[in-house]
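Not measured: the values here are computed from a predicted model. Below, read A as the first sequence line, B as the second, and so on, with proteins coming before strands; counting in each chain starts at 1. Computed over heavy atoms, backbone and side chain alike; hydrogens, waters and symmetry mates excluded.
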2 protein chains.
Amino acid sequence: MAKPKTETMVAEIMDNIRRVFQVVNEQSKLVERETGLTGPQVWAIKVIEAHGTLRVSELAGKMYLHPTTVVGILDRLEKRGLVTRTRSATDRRVVDVSLTDEGRRLVDHTPEVASNKITHGLESLGIPELTIIYHGLDRLTQILDATNLPPAFFGTSEINLPKGKRRSQP
Amino acid sequence: MAKPKTETMVAEIMDNIRRVFQVVNEQSKLVERETGLTGPQVWAIKVIEAHGTLRVSELAGKMYLHPTTVVGILDRLEKRGLVTRTRSATDRRVVDVSLTDEGRRLVDHTPEVASNKITHGLESLGIPELTIIYHGLDRLTQILDATNLPPAFFGTSEINLPKGKRRSQP
DNA sequence: ACTGAATAGTTTGTGTACCAATAAATGTTA
DNA sequence: TAACATTTATTGGTACACAAACTATTCAGT
């Protein structure tokens with residue numbers, strides 16, 4: 001294939017990105033059937049467990065989501081008794097989020113969120129093929145970082161892109 | 001970086017996929033501000049213009065979306081007078097979708113949906129770098145296809161994954 | 001021709017995901 | 001200190017995205 005035609009390659013790359021979207025979405029639905037929680041919900045309690053008690057804006061930052069979205073997710077998790085919300089004593093604007101015992105139990109019993117088809121498929125590959133995918137995505141995210149100005153909706157709280165990629169904060 | 005550790009690479013690949021998600025989402029919002037239509041809406045009328053009149057299930061197939069989702073998008077486009085829905089005379093179960101003059105006018109005046117930051121960034125790269133990204137994503141979608149059973153909600157109508165990827169129909 | 005399966009599109013309900021506007025608390029500055 | 005701005009989380013509203021259930025139509029087999 002690799003016909004050296006910029007236009008064609010860009011179009012195919014965009015199509016492939018859409019494909020990946022699709023599959024990741026399906027995976028989210030699959031996790032839901034297995035655990036009774038949706039992908040984002042599992043993701044949230046994983047983050048909470050890893051970090052310990054944290055404020056809503058911190059959680060949103062670590063999940064790359066807007067606070068409004070996280071509020072909805074927390075509503076559902078709270079209704080199920082998996083997390084608690086408490087107003088901070090020192091700063092009453094802040095809401096601290098933490099796991100309940102039930103939530104912690106569920107996290108432990110969830111045998112790796114990542115054990116979905118994508119991760120599984122990736123893990124079955126050899127180092128050479130993984131390297132190809134890795135470099136391609138890495139290059140892609142680099143150009144995304146270069147062209148993507150921060151939308152500045154995160155306020156001032158540190159954004160903490162996990163792998164230390166991303167530019168300096170405003 | 002290419003430290004040959006399967007576990008680490010898989011984790012970083014997943015993180016990068018999430019990054020791409022984020023940026024594509026932002027792009028969709030940006031297109032919305034410029035055209036008054038959302039990303040999926042623009043995508044839909046682009047597909048309709050490219051293919052001409054087509055049925056709802058065909059449109060859904062070409063967009064990799066469930067028919068239910070497309071129905072909602074069509075509702076909004078129809079309300080704005082950009083598309084029309086007509087029941088087919090030969091098969092009254094079928095609904096044919098086509099652009100109105102207004103819709104065609106809007107498509108022409110939309111200077112390339114793809115002129116977003118991602119495509120822009122990609123187009124600014126040279127063939128060698130594009131090749132890296134292309135191969136990485138291509139390999140990724142291959143393993144996704146291999147592990148991803150068709151959800152089988154498209155019925156029998158030809159699905160037409162544009163680049164000739166995807167399995168034979170049931 | 002008639003019953004039953006399959007198909008096409010839609011409705012209904014849940015869950016993201018975001019923006020705009022808001023309320024309450026804290027900070028800043030005149 | 002009092003007016004103003006900022007921060008933090010929430011509510012209200014729109015738009016996806018999908019599953020399950022439903023209606024209408026067509027097809028298949030007897």
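Salt bridge absent: Arg105(B) and Asp108(B) never bring a charged side-chain N and a carboxylate O closer than 4.0 Å.
Taking every side-chain heavy atom of Thr69(A) into account, dC18(C) is the closest of dC18(C), dA9(D), dT10(C). Side chain of Pro40(B), nearest nucleotide from dT16(C), dC18(C), dA17(D): dA17(D). Nearest nucleotide to the Arg76(B) side chain, out of dA8(C), dC18(D), dC16(D): dC16(D). Nearest to the side chain of Arg85(B), among dT10(C), dC16(D), dG9(C), sits dT10(C). Comparing dA9(D), dC18(D), dC16(D) by their closest approach to the side chain of Val95(A) singles out dA9(D). Considering only side-chain atoms of Leu65(B), the nucleotide from dC18(D), dA9(D), dC16(D) that sits closest is dC18(D). Which of dA17(D), dT16(C), dA8(C) sits closest to the side chain of Arg55(B) comes down to dA8(C).
The nearest whole Å value for the distance from the OH atom in Tyr64(A) to the P atom in dC18(C) is 13 Å. dC18(C) atom C1' lies 17 Å from atom CG of Leu37(B), rounded to whole Å. One can place CG of Asp96(B) at 12 Å from C1' of dG9(C), the figure rounded to the nearest angstrom. Rounded to an integer number of Å, the gap from CD of Glu58(A) to C1' of dT7(D) is 14 Å. Straight-line distance from the NE2 atom of His66(B) to the C1' atom of dG13(C): 16 Å, rounded to whole Å. Atoms CG (Leu74(B)) and C1' (dA17(D)) sit 14 Å apart, rounded to a whole Å. Atom P of nucleotide dT14(D) and atom CD1 of Ile73(B) are separated by 17 Å, given to the nearest angstrom. Separating the CG atom of Asp75(A) from the P atom of dG12(D) is a distance of 12 Å, rounded to the nearest angstrom.
For dT10(D), neither phosphate oxygen OP1 nor OP2 lies less than 4.0 angstrom from any side-chain nitrogen or oxygen of Thr68(A). For the pair Thr38(A) and dG15(C), the criterion of a side-chain N or O lying under 4.0 Å from OP1 or OP2 is not met.
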Item checked: Verdict with reasoning, Arg76(B) to Thr38(B), per side-chain contact (heavy atoms from CB on, under 4.5 Å) -> CA-CA 10 Å; Arg76(B) 286 172 281 270; Thr38(B) 65; over 6 Å; no
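Considering every non-hydrogen atom in both Leu59(B) and Ala44(B), the closest pair reads CD1-O, 4.1 Å. For Thr53(B) against Ser98(B), the heavy-atom pair with the smallest separation is OG1-CB, 3.3 Å.
Between Thr131(A) and His135(A), the closest side-chain pair of non-hydrogen atoms falls below 4.5 Å.
Judged by distance alone, the side chain of Ser88(B) and the main-chain N or O of Val95(B) form no donor-acceptor pair under 3.5 Å. Put simply, the side chain of Arg87(A) gets close to the backbone of Arg93(A): a donor and an acceptor are under 3.5 Å apart.
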Which protein N or O atoms sit under 3.5 Å from an N or O of nucleotides 22-29 of chain C?
residue	atom	partner	partner atom	Å
dT26(C)	OP1	Arg92(A)	N	3.4

